[in-house]
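Structure, as structure tokens:
Nothing fancy with the numbering, it's 1 onward along the sequence. The model shown is predicted, which means the values in this text are computed figures rather than measured ones.
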Amino acid sequence: MLHRIKVPEYRHATFDLSKLLDGTQDFRWRPLPDGRHSGVLDGHIVHLRQRGDTLEYQAHTNLDTLLTSYFRLDEDIDAIYSDLSSGDPYIAYLTRTYPHLRVLRQPDPWECTVAYICSATNNVQQIKKKVEAIAVMLGEEVELNGNVRHKFPPPERILEVGPERLEDLRLGLNRHQKIVWAARRVIDNELDLQRLARFDTEYVDVKTELMNLNGVGEKISDCIALFSLDKLQAFPVDRNIKSAIMFRYGSSGAPKTPKALAKWAQRRFGEYAGWASQLLFQSWIKPVLSSDTSPL
């Protein structure tokens, strides 16, 4: 069945599905030959395409609520961009250069956690390959219109097969052990990802609990917090974001260590620091010429 969701009208922001699903936040989207995008969200296989101001999708059930949350279609993106732009001319410039950008709200913190455990020292294509390999080997098969995908395996399934099966995937950096250990923490209720996603759970507590996981440091914990736990002040610092900050702000006193950079950015950009991080990331990996004059 074909479903449609009307994309809100924006004054300054835009909605560009292909750019949003470029794989730099969520690693499980794949292009289909007919121009649609195939993904597995919270266990649901879905085929998406954009037609003007309408998001069309096929799925086995109605996913309007899930997709609205995932793409933040019920939030005032213009207001977020206005807030970011008010205190920093360069970020204001980036909001005009990348008006499509938004932080996707990933519905499964467990999948996001494993994906970012797999992210260290890997590029986007390598992360996609590793995350998909875990799903294909251990996840339940789902099919839509002849397109076969796999649900991401829950912690119970990870513990059932143990580290030996994961080791066969050659994930590197002892990740097979780290993922099994994380699954054990979830099963033993030592890590409650759903509680961490609650609005009333403080960002500092989220960071502390995530960094108790083997293989989760400053950057990875901030990625998980930002992309699946709705902590929009989280500011992941990788080499691209660090390069973008030092290029633009280094001479004005930006610190150099990732932890200090994250705290500096949170003071400078406020409650939407995570959005600023993604704008800076895009500016470094996908620089474009804008009709505006950059304040550089």
Side chain to side chain, [X] and [Y], heavy atoms closer than 4.5 Å:
X	Y	result
R49	D34	yes
H37	L32	no
D205	E202	yes
T113	V186	no
F27	Y116	yes
L226	Q278	yes
S119	K219	yes
H12	Y10	no

Less than 4.0 Å between a side-chain N and a carboxylate O, is that true for [Y] and [X]?
X	Y	value
E75	R105	yes
E141	R149	no
D88	R248	no
K286	D22	yes
R30	E132	yes

When you check the side-chain N and O atoms of [X] and [Y], is any donor under 3.5 Å from an acceptor?
X	Y	value
N145	Q58	yes
K207	S221	yes
D26	Y70	yes

Side chain [X], main chain [Y], donor-acceptor under 3.5 Å:
X	Y	answer
T68	D64	yes
D78	R11	yes
K178	L173	yes
D192	R195	yes
K130	A115	no
W110	P153	yes
E56	R36	no
S82	A79	no
R28	V131	no

Just checking Y272 against F235, ring centres under 6.0 Å apart?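 Ring centres of F235 and Y272 not closer than 6.0 Å.
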Ring centroids only, cut at 6.0 angstrom: are W275 and F269 within range, meaning strictly under it?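 Ring-ring flag for W275/F269: false, centres at least 6.0 Å apart.
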Distance (rounded to the nearest 0.5 Å) between [X] [atom1] and [Y] [atom2]:
X	Y	atom1	atom2	value
E218	D238	CD	CG	14.0 Å
N123	K129	CG	NZ	10.5 Å
L67	H44	CG	NE2	9.5 Å
K6	D53	NZ	CG	4.5 Å
T201	R198	OG1	CZ	5.0 Å
L21	Q50	CG	CD	10.0 Å

Linked, directly or transitively: [X] and [Y] (ILVMFWY side chains, under 4.5 Å):
X	Y	value
L41	I45	no
V136	L138	no
Y203	L261	no
V161	M137	yes
V148	L48	no

Candidate pair S283 and Y98, rule side chain to side chain contact (heavy atoms under 4.5 Å, CB included), full reasoning: CA-CA 8 Å; S283 76; Y98 306 96; 4.1 Å; yes
What heavy-atom pair brings [X] and [Y] nearest, and what distance separates the two atoms?
X	Y	value
L101	Y81	O-OH, 2.7 Å
P99	R96	CD-O, 3.4 Å
T95	S85	OG1-OG, 3.3 Å
A273	Q233	CB-O, 3.6 Å
I127	C118	CG1-O, 4.0 Å
H47	L144	CE1-O, 3.3 Å

Return the set of residues passing salt bridge (Lys or Arg N to Asp or Glu O under 4.0 Å) with K256 (not counting sequence neighbours), or none when no residue passes.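 Salt bridge (Lys or Arg N to Asp or Glu O under 4.0 Å) check on K256 returns nothing, list empty.
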What class does the angle between the rings of Y90 and Y249 fall in, given that below 30° is parallel, 30 to 60° is tilted and above 60° is perpendicular?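 Perpendicular.
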Which residues share a side-chain hydrogen bond (donor to acceptor under 3.5 Å, both in side chains) with R184, sequence neighbours left out: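 Partners of R184 by the side-chain hydrogen bond (donor to acceptor under 3.5 Å, both in side chains) criterion, ordered by chain and then number, come out as D188.
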So among T24, T97, N240, which one has a side chain to side chain contact (heavy atoms under 4.5 Å, CB included) with Q282?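 When side chain to side chain contact (heavy atoms under 4.5 Å, CB included) is applied between Q282 and each of T24, T97, N240, only T24 qualifies.
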Quick one, R102 with L73, criterion side chain to side chain contact (heavy atoms under 4.5 Å, CB included). Give me CA distance, side-chain angles, the key distance, then yes/no. CA-CA 10 Å; R102 61 187 65 200; L73 298 178; 3.9 Å; yes
Stepwise salt bridge (charged side-chain N to carboxylate O under 4.0 Å, His left out) check, K151 with D108: CA-CA 11 Å; K151 299 179 182 181; D108 183 358; over 6 Å; no
Go through the steps to decide whether L171 and I117 satisfy the test side chain to side chain contact (heavy atoms under 4.5 Å, CB included), and finish with yes or no. CA-CA 10 Å; L171 300 174; I117 287 175; over 6 Å; no
Can you check side chain to side chain contact (heavy atoms under 4.5 Å, CB included) on F71 and V7, steps first, answer last? CA-CA 10 Å; F71 290 113; V7 176; over 6 Å; no
